[in-house]
There are 2 protein chains.
Amino acid sequence: MDTAIRLLEETGLPDLSMRRLAGAIGVQPSALYWHFENKQSLLAAVADRIVGAAEAAPATGDRDADVTAAAIGLRDALLSHRDGAEVVLSTQALGLGSEATHRRLAQALGGGDAAASAATVLLQFILGHASLVQQRIQAARFGAYPQDEADVVATTSADFSAGVRMILAGLDVTG
Amino acid sequence: MDTAIRLLEETGLPDLSMRRLAGAIGVQPSALYWHFENKQSLLAAVADRIVGAAEAAPATGDRDADVTAAAIGLRDALLSHRDGAEVVLSTQALGLGSEATHRRLAQALGGGDAAASAATVLLQFILGHASLVQQRIQAARFGAYPQDEADVVATTSADFSAGVRMILAGLDVTG
DNA sequence: ACCTGAACACCGTTCAAGT
DNA sequence: ACCTGAACACCGTTCAAGT
């Protein structure tokens with residue numbers, strides 16, 4: 001499991017194969033199938049580790065501040081592991097992995113049905129955003145995108161804050 | 001190219017291999033590399049076809065109505081091809097494929113810098129949303145998610161409208 | 001200009017058999 | 001309970017050679 005995260009960091013998701021992981025552990029590929037039903041459930045475990053790093057923020061009572069902190073925490077967690085957003089997005093989409101992330105956002109949003117629905121919107125924006133940023137960083141890294149990594153992060157941070165602010169403002173108007 | 005779309009429809013993205021596509025055309029796999037540099041650029045061409053199906057909506061002058069129509073048109077285009085959202089998301093992220101989609105959204109939003117930035121947010125939400133919905137539909141199709149396809153679409157349509165409304169409302173407050 | 005044939009270096013998953 | 005060994009049915013990409 002720690003080896004899986006390390007391998008993700010070193011080689012990226014496309015190269016995180018069952019064979020390679022087995023090799024890094026020093027075991028036969030087939031041995032992994034004793035511990036995980038298939039590759040997908042192994043990745044779900046990896047996804048839980050990644051979002052687990054987003055600490056539960058101390059609630060300040062200021063809703064906008066709490067939501068913004070939670071959103072930034074999640075974005076940072078996703079971006080701090082290579083291909084983290086993609087791993088979490090596909091896990092989330094398949095209904096695998098824990099629901100702690102959605103719960104945390106819904107709570108910061110104040111709880112209740114409207115908050116749960118807003119949390120879904122926010123989560124989808126964050127995952128879509130982070131996936132795009134991350135693949136773009138990857139492309140930049142081997143020269144396939146005409147910006148360096150720092151520029152990509154700088155440019156997109158503004159987009160991210162704008163997105164979070166819009167969703168919060170919209171919640172007040174429509175909710 | 002049409003064969004690639006047909007294959008995507010029939011077998012899905014994971015099974016859309018260069019070998020399988022070549023077989024369906026009746027040609028050797030290596031022949032494809034005369035027409036496309038690699039699999040990624042082939043997929044970029046597929047992505048352009050998918051979003052190309054989202055017709056330019058007739059501008060009514062009502063900004064919210066135009067944006068909503070454009071957003072729904074894009075969502076429908078993504079969802080109407082199997083794995084369409086994933087194909088377009090990764091193409092977009094790599095800076096491959098055309099920028100017509102972003103342009104269309106920015107225009108519906110009124111043009112200018114603020115509109116371009118809002119279009120980015122909206123596009124990321126739509127792609128994140130559609131990816132999630134689509135993978136969930138796929139999961140439902142082979143019983144790995146406890147809802148049927150119709151329920152998934154119904155449930156998430158409400159989330160989608162809510163997201164678009166929030167972003168529009170937010171734009172008025174922050175822009 | 002466009003395609004074949006053959007090769008290179010890989011995949012995920014299954015399953016009998018071993019300890 | 002946990003792992004090996006061997007197999008099955010695949011991948012993307014390259015490149016000399018053919019027409």
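Predicted model only: the values in this text are computed from it and were never measured. Per chain, numbering begins at 1; letters A, B, ... match sequence-line order.
OP1 and OP2 of dC3(D) both lie 4.0 Å or more from every side-chain N or O belonging to Gln28(A). Between dC3(C) and His35(B), a contact under 4.0 Å exists linking OP1 or OP2 to a side-chain N or O.
Rounded to whole angstrom, the span from the CG atom of Leu21(B) across to the P atom of dC10(D) amounts to 16 Å. Between the CG atom of Leu32(A) and the P atom of dT13(C) there is a distance of 10 Å, rounded to whole Å. If you measure from atom CZ of Arg19(A) to atom C1' of dT4(D), you get 14 Å, rounded to the nearest angstrom. In this structure, the CH2 atom of Trp34(A) is 14 Å from the C1' atom of dA16(C), given to the nearest Å. Glu37(B) places its CD atom 13 Å from the C1' atom of dT14(D), with the value rounded to the nearest Å. One interatomic measurement links the two molecules: CG of Leu43(B) to C1' of dG12(D), which rounds to 12 Å at whole-angstrom precision. For the pair Asp15(A) CG and dG12(C) P, the interatomic distance rounds to 10 Å; values are reported in whole Å. Atom CZ of Arg20(B) is separated from atom C1' of dC11(D) by 11 Å (rounded to the nearest Å).
Under the Watson-Crick and G-U wobble criteria, each requiring two contacts below 3.5 Å, nucleotide dC11(D) is left unpaired. Checking dA16(D) for Watson-Crick or G-U wobble geometry (two distances, each under 3.5 Å) identifies dT4(C) as its partner.
Counting heavy atoms from C-beta outward, Val46(A) and His81(A) have side chains that stay 4.5 Å or more apart.
With Gln124(A) contributing its side chain and Ile126(B) its backbone, the two residues share no donor-acceptor pair below 3.5 Å.
Mapping Ala31(A) and Leu16(A) onto DNA chain C by nearest heavy atom places Leu16(A) at the nucleotide closer to the 5' end.
Using a 30° and 60° split on the angle between ring planes, Phe160(B) and Phe125(B) fall in the parallel class, below 30°.
Counting only heavy atoms from C-beta on, Met18(A) has its side chain closest to dG12(C) among dT4(C), dG12(C), dG12(D).
A salt bridge does not link Arg165(B) with Asp64(B): none of the charged nitrogens is closer than 4.0 Å to a carboxylate oxygen.
Residue Ser30(B) places a side-chain atom within donor-acceptor reach of the base of dG5(C), judged by atom type and a 3.5 Å distance cut-off alone.
dC2(C) and dC15(D) have their C1' atoms separated by 15 Å, given to the nearest Å. Atom name P, nucleotides dC10(D) and dA9(C): the rounded distance is 22 Å, in whole Å.
Applying the 6.0 Å contact sphere to CD of Gln147(A) captures more than 12 heavy atoms from other residues, nucleotides or ligands.
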